[in-house]
Structures are given as structure tokens and as C-alpha cells.
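The structure appears below as C-alpha cells.
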Protein chains: 2
Amino acid sequence: MRTVPTLRQLRYLVAVVDRCHFGQAAAACNVSQSTLSAGIQELEDLLGAPLLERTKRTVVPTALGRDLADRSRGLLKGAEELMDVAQAAREPMAGPLHLGVIPTIGPFLLPRALPQLRETFPKLQLYLREDQTARLLERLDAGELDAVLLALPYALGDLEVMDLGEDRFSVVYPADHRLPATDAATPADIASENLLLLEDGHCLRDQALAACELEGARRNTAFNGTSLHTLAQMVANGLGVTLMPQMALDAGIVRGLDVAVRPMTGSAPHRRIGLVWRRTSARKETFRQLGEALRPFL
Amino acid sequence: MRTVPTLRQLRYLVAVVDRCHFGQAAAACNVSQSTLSAGIQELEDLLGAPLLERTKRTVVPTALGRDLADRSRGLLKGAEELMDVAQAAREPMAGPLHLGVIPTIGPFLLPRALPQLRETFPKLQLYLREDQTARLLERLDAGELDAVLLALPYALGDLEVMDLGEDRFSVVYPADHRLPATDAATPADIASENLLLLEDGHCLRDQALAACELEGARRNTAFNGTSLHTLAQMVANGLGVTLMPQMALDAGIVRGLDVAVRPMTGSAPHRRIGLVWRRTSARKETFRQLGEALRPFL
DNA sequence: ATTGATTAATCGGAAAAAGCGATTACATAC
DNA sequence: GTATGTAATCGCTTTTTCCGATTAATCAAT
């Protein structure tokens, strides 16, 4: 069991490397300059190599110093995470939680679910960010978000997923449309129509096509909607038909519009709603409970 | 800047979680039982949550305790790595180094290079392991190897690669073969022959085929060699022709065999020799110097 | 039930460390 | 030169860390 540097020493190192100034680094660490200076020297003695060049009037970290400072940042972050894990274990449903949501879920699910969430978890401070899946996952990876509420299937990286349930697609078409008013629409019905979809980047676009076993390549791209509300308007104006998730219909997205809605036959085309988080996250229990609380609203 | 646990406390936690016994854990940490006991309590106070269940006579870690112990192991390992990085910066070419080598490089390159390496880097303790690329990379990932000497192209993960140079393929055929004794062989020449290759799993098999722009699918698989030496014997016995890297020829693999060797025309088919290591490795400078020292032997 | 053995927690005091303020040493700017 | 800004050093105090001894609790054997 070798002697290793203390986190305190590493914190000092990081502070100096960041600022190239002992005095300021000491202030940032809330210790005196002499204390910090001594700490750095201990570290250099222990490692047996210089970490800082003190020539001239300025301090410059050596290559080794920079390398070790980088690694130290990681270690310090890991130590902070320990605190987070413990805090989350003590009170899973308290504190700030940064949640990402995609635009085809957020506006429909959250207005219904949030009041109940606030009541059930009064100490939870929920910060929401709405964006497309890819960008939310970037932020999740970067640690800016704690979890993301999105639609599956989607090629996720090394994340943990909690499946919250399915969300079926229905066909929305103009009320005076020639489609026979039978119970359910078939993929063939849709294939013969002018199918309106969200613009590229929305996962719903690909998921809807895949779920209905339709080819996306030869789609009419002249009429791409920027939101599900836009799409509904476009259908009401007779521009074509569209696929709409049940969640949006439940939220009344076609209320007041002169359109008709039909379920789809057969394999019950749907997307799945999932809550995902980093495999290393400190708050898995928090997410699990959050997911359970959201489930009834699907 | 929050208060975080000390590495010392984390070491205590890991020791207890591993052994479920304060006394043994204390002994393993070279401290008294009272010291360790106090350290654990500090940690529990700091985190505000119990890490160990002390009911009955036995100690059982809580779920949180296990989780934190896992994370702590990572942090402690990271701290040890700091020491390694510093040590490697002080004396790059000293200490133990576990190097993996593939079978189509090791037996030809190392006998020539090792004496010189030993002389140039007398303090380097080189431990060698010979295996196929895929398995070496697994061990590299697991931290059992520090670096791997292999042949490219190969689909590597997130590794750093140092290119050491190219290694050309030549055609080896029986001395009495009908091939005209022109200077160089073409891919077409080879395509019409019974081409002998190493058995599956050897990267050389695919690399040779790719470099010569030959399709591998319809190859005769009845005669797969288990080593380049075997292949050379098979050619001498008139079973077909084969592709041999220059490195093996230089090492005299066909010496005493009744075969002929011809270079290949055109795009000079070759594999590249590379030294790879983990992007997070503590000893990049060591590997760089090692690579430079190996280069002249290609 | 009593005794003995094992184990973790607790306590008092010693040793080590971490920290501070003041001072020194050094380089640069004026 | 002198003033200024900076890091290193020194003496001293406070805090932390650690140990050995003791206590309290549990379990096993009698």
C-alpha cells in the first residue's frame, strides 16, 4: 500500500495550475499562501519531480504538472460525486435535478405530470431543458443534464434506460378525406397519401416511419413541420395526413381542428418512452422513482 | 468548495467492505483497530448516512457502502496512477513494462531487437505476452498489459497508436513453380494459385488479402497454417503459395527451404507495424521511446 | 446461567500534520 | 537604488491522526 498524495494537495495543485499564481490559488483554497506553498512542496517531494517552474516572476506548470492537474481534477470530481451519491441515498427526491425532454414529449406530458410531481416530491427542484434527442444526449454526457426523457428506439451509447411504456401512433387526416371511415388504417393506406412529417432531427420522424414499416427515402420533403402543432394545422388545411403519438392527442392537439383520427391496425405501431441516465450517475434511485411517478401519465 | 472525504478514509472503507471485519481491515491498512473505527465513523458522519450495518457479530456493508466502496476503489487507483505518471516522467525507461506482441511479429522482430533494447534501457523490465490481436487488446483494456505491438490496419478502440513503419508482403512459392521468374508478382498471379493462409483469428490473414485486393470469401480453407513457419513448410511441399511479411523473411524463415520469393508489384502491398496503448496511460513517453528504439529493426 | 472469546466502540494522551502570520529572498519595474 | 510583487522559509498554534487501554456487546461453550 504505497503512499499517495492527499486530495488536499491535489486541490492545491489544480488551483495553482489554473491560476499560475500562488497567492490567488491560496485565496481560492481559503488557506494562506504559506500553507499552499508548503502543500505544493510536499507534493513535489512525494512525487519526486517538479510540477511548477518558478523561474522569473511567473509560475508556469511543467508538462507533468499539467498532466497531473488534469488527472487530479478527475479525482476531485470523483470525490465530490461520493458526496452526491450519499446525499442522493439519504434523500433521493430532494435537491436540484436537471432533466432533458424532447419536444414531442415535453409539451404533452409535462403540463399534466408536473403538478403531481411537485406535490409528491416537494423538495425536488426540477430544471427542464427541451431539445432534440442528439443534443440532449450530448449534454447528458457532459454532465449538464442528470437524466433525459426521450422516445425509443434510439441508438443510445452506454446509458441506463428505464422503459416507461408505449405511446401509439394514430393517423390524423382531414375530416372530408376520401379515406373510408373504417376502424383502423393500414400502412398501405398511408403509403398512398401525402404523409406530413416533422423536419429532420426529430426522432419521431424516423420512429413513425419505422413503426409503420414505411420507407422514408422517397418522402415528400417540401412539407416538413416544425412541431406537432404545426403538423396538425397542416392536416386541417388539407395538405396531407400525418402520424401523431397518442400522448399529443390526449393533450388535445387536434381539439377545435376539422380533422379525423384513426388508430392503426396490425402490429400497433408505437414509440416507447424512456428515461435514461449515465451508467455512473449518482442518483439512480432518484430517477427510478421519478420514472415510476411519470408512468401513470403515459 | 465542499468538504470531501479523504483518501485515507476511503481506503479504510474499502478495506472493511472487502473483509467485513474491522480488525482485519485495520491490519491491512497498518493502523490500529481504534484508528480505523474512528475513520469509518468520520466518513459516515461526513456523508450523513450509514455505510456499514453492525448488527449481530458481523459487519455487513449497506448498499450505499458497497456503492461508495466501488467508487473509492476507482479514486484510489487514480491516485496511485498519479504516482506512476510521476515515476514514469522521472525515469521513463525504468521499471516493469508489460508488452503484448502478436505471433506474426514477435518471433521475428524481438530476437533481433531485444539485445539492443536491454542495452539501451538496462533498467526496463520487459514482460512479454504473445497472443492474437483481439485477446491482447482485451488485456490492454483490462490493464494487464501496458502496450501492444501489433499490425495495422485493425479496428482499434479508443487507443493511441504510434506507427512504426511498414512491412511489405512478398509471394513465396515452390522453387519449381510454373510462375514466370519475372521481377514482381501481380494480384492476378496469386488469384490463380492455391493461396495458403494462417487460420482465422490471425490479423495477417485479412491484412494480406486486403493489401493484395483479393477476395477472402472463396479461399481454400482446407490448408490453414498455424504459424508462418508452418506456412513456409507447406509451400516448400508444393501445397500452394503464400504471402509472407518482409519481417519474417529477414528473420530467415525460408532459409534452407526449396522455395522462391518474389516481391509484389504495384501498390506495394504491406501491413503497418504499430505500438498502441490506452489513451489514459501513465507512460506515454516510455512507449514513444520504446517505439523509436524498435523502428530501426523493421 | 456463567464464563470466556471475539469484536467494535470509546477514551485519554501522544505524535504528526496542517495551518497561520511574519519575515526573508528574489526578481522586476520605476 | 528603491519600491513592488511574489514565493519560500520560519516559529508557533491548532487540528488531526493515531495508538493503547478499556468498555460494551454478542455469541459459544460449558
Side-chain angles (χ1 to χ4, degrees), chain A residues 1-62 64-66 68-69 72 75-76 79, chain B residues 1-62 64-66 69 72 76 79:
Chain A
M1 199 169 40
R2 255 189 310 172
T3 309
V4 293
T6 67
L7 289 178
R8 181 183 53 83
Q9 291 165 337
L10 299 184
R11 211 198 319 276
Y12 292 169
L13 174 64
V14 170
V16 176
V17 169
D18 280 349
R19 294 173 184 74
C20 290
H21 191 294
F22 275 67
Q24 290 170 28
C29 295
N30 292 313
V31 296
S32 71
Q33 175 260 316
S34 64
T35 297
L36 181 124
S37 197
I40 295 287
Q41 282 192 10
E42 277 172 40
L43 190 57
E44 286 183 317
D45 286 351
L46 175 65
L47 299 173
L51 304 174
L52 302 168
E53 265 184 65
R54 290 105 153 154
T55 176
K56 311 286 176 191
R57 237 180 129 130
T58 50
V59 179
V60 184
T62 63
L64 177 62
R66 248 188 306 276
L68 292 189
S72 299
L75 292 184
L76 292 167
Chain B
M1 198 167 44
R2 256 187 312 173
T3 309
V4 293
T6 67
L7 290 178
R8 181 184 52 83
Q9 290 165 338
L10 299 184
R11 210 198 320 277
Y12 292 169
L13 173 64
V14 169
V16 176
V17 169
D18 280 349
R19 296 175 184 70
C20 291
H21 192 291
F22 276 67
Q24 291 170 27
C29 295
N30 290 313
V31 295
S32 72
Q33 174 261 316
S34 66
T35 297
L36 182 124
S37 195
I40 294 287
Q41 282 192 9
E42 278 172 41
L43 190 57
E44 286 184 317
D45 287 350
L46 175 65
L47 298 173
L51 304 174
L52 302 168
E53 264 184 67
R54 294 111 154 141
T55 175
K56 309 287 177 192
R57 234 180 133 129
T58 51
V59 180
V60 184
T62 64
L64 177 62
R66 249 188 304 276
S72 299
L76 292 167

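Chain identifiers are assigned alphabetically (A, B, ...) following the order of the sequence lines, protein sequences preceding nucleic acid strands; residue numbering begins at 1 within each chain. Since the model is a prediction, treat every value here as computed from it, not as a measurement.
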Checklist entry - Heavy atoms, side chains only, cut-off 4.5 Å: are B:E42 and B:Y12 in contact? => result no

Do side-chain atoms of [X] reach the backbone of [Y] as a donor and acceptor pair under 3.5 angstrom?
{"X": "B:S37", "Y": "B:Q33", "answer": "no"}
{"X": "A:S72", "Y": "A:V14", "answer": "no"}
{"X": "B:E44", "Y": "B:L51", "answer": "yes"}

Spacing of [X] atom [atom1] relative to [N] atom [atom2], expressed in whole Å:
{"X": "A:R54", "N": "D:dA8", "atom1": "CZ", "atom2": "C1'", "answer": "9 Å"}
{"X": "A:Q33", "N": "C:dA18", "atom1": "CD", "atom2": "C1'", "answer": "15 Å"}
{"X": "A:D45", "N": "C:dA17", "atom1": "CG", "atom2": "P", "answer": "13 Å"}
{"X": "A:L43", "N": "D:dA7", "atom1": "CG", "atom2": "P", "answer": "17 Å"}
{"X": "B:N30", "N": "D:dG20", "atom1": "CG", "atom2": "P", "answer": "12 Å"}
{"X": "B:H21", "N": "C:dA9", "atom1": "NE2", "atom2": "P", "answer": "12 Å"}
{"X": "A:I40", "N": "D:dA7", "atom1": "CD1", "atom2": "C1'", "answer": "12 Å"}
{"X": "B:L52", "N": "C:dA9", "atom1": "CG", "atom2": "C1'", "answer": "13 Å"}

Checklist entry - Contact class for B:E42 vs. all strands (heavy atom < 4.0 Å): base, sugar-phosphate, or nothing? => result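 It contacts sugar-phosphate atoms only.
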
Item to check | Given B:L64, B:V17, B:L43, the one that forms side-chain contact (heavy atoms from CB on, under 4.5 Å) with B:L52 | outcome: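 So the option named by the test is B:V17.
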
With the side chain of [X] defined as its heavy atoms from C-beta on, choose the nearest nucleotide among [options].
{"X": "B:Q41", "options": "C:dT10, D:dA7, C:dA8", "result": "C:dT10"}
{"X": "B:S32", "options": "D:dA8, D:dT17, D:dC19", "result": "D:dC19"}
{"X": "A:S34", "options": "D:dG20, C:dC20, D:dA8", "result": "C:dC20"}
{"X": "B:V31", "options": "D:dT17, D:dA7, D:dC19", "result": "D:dC19"}
{"X": "B:F22", "options": "C:dA8, C:dA17, D:dC18", "result": "C:dA8"}

Item to check | Short side-chain N/O contact to C:dC20 OP1/OP2 from A:T35, under 4.0 Å | outcome: yes

Next on the checklist: Looking at A:Y12, I'd like to know whether one of its side-chain N or O atoms comes within less than 4.0 Å of OP1 or OP2 on C:dG19.
Outcome noted: yes

Checklist outcome for this item: So CD of B:Q41 and CG of B:L46: to nearest 0.5 Å the spacing works out to 13.5 Å

Next on the checklist: To the closest 0.5 Å, what do you measure between CG (A:D18) and CZ (A:R66)?
Outcome noted: 11.5 Å

Next on the checklist: Counting runs of three or more consecutive pairs, Watson-Crick or G-U wobble, with each distance below 3.5 Å, where are the stems of DNA chain C?
Outcome noted: C:1-30 with D:1-30

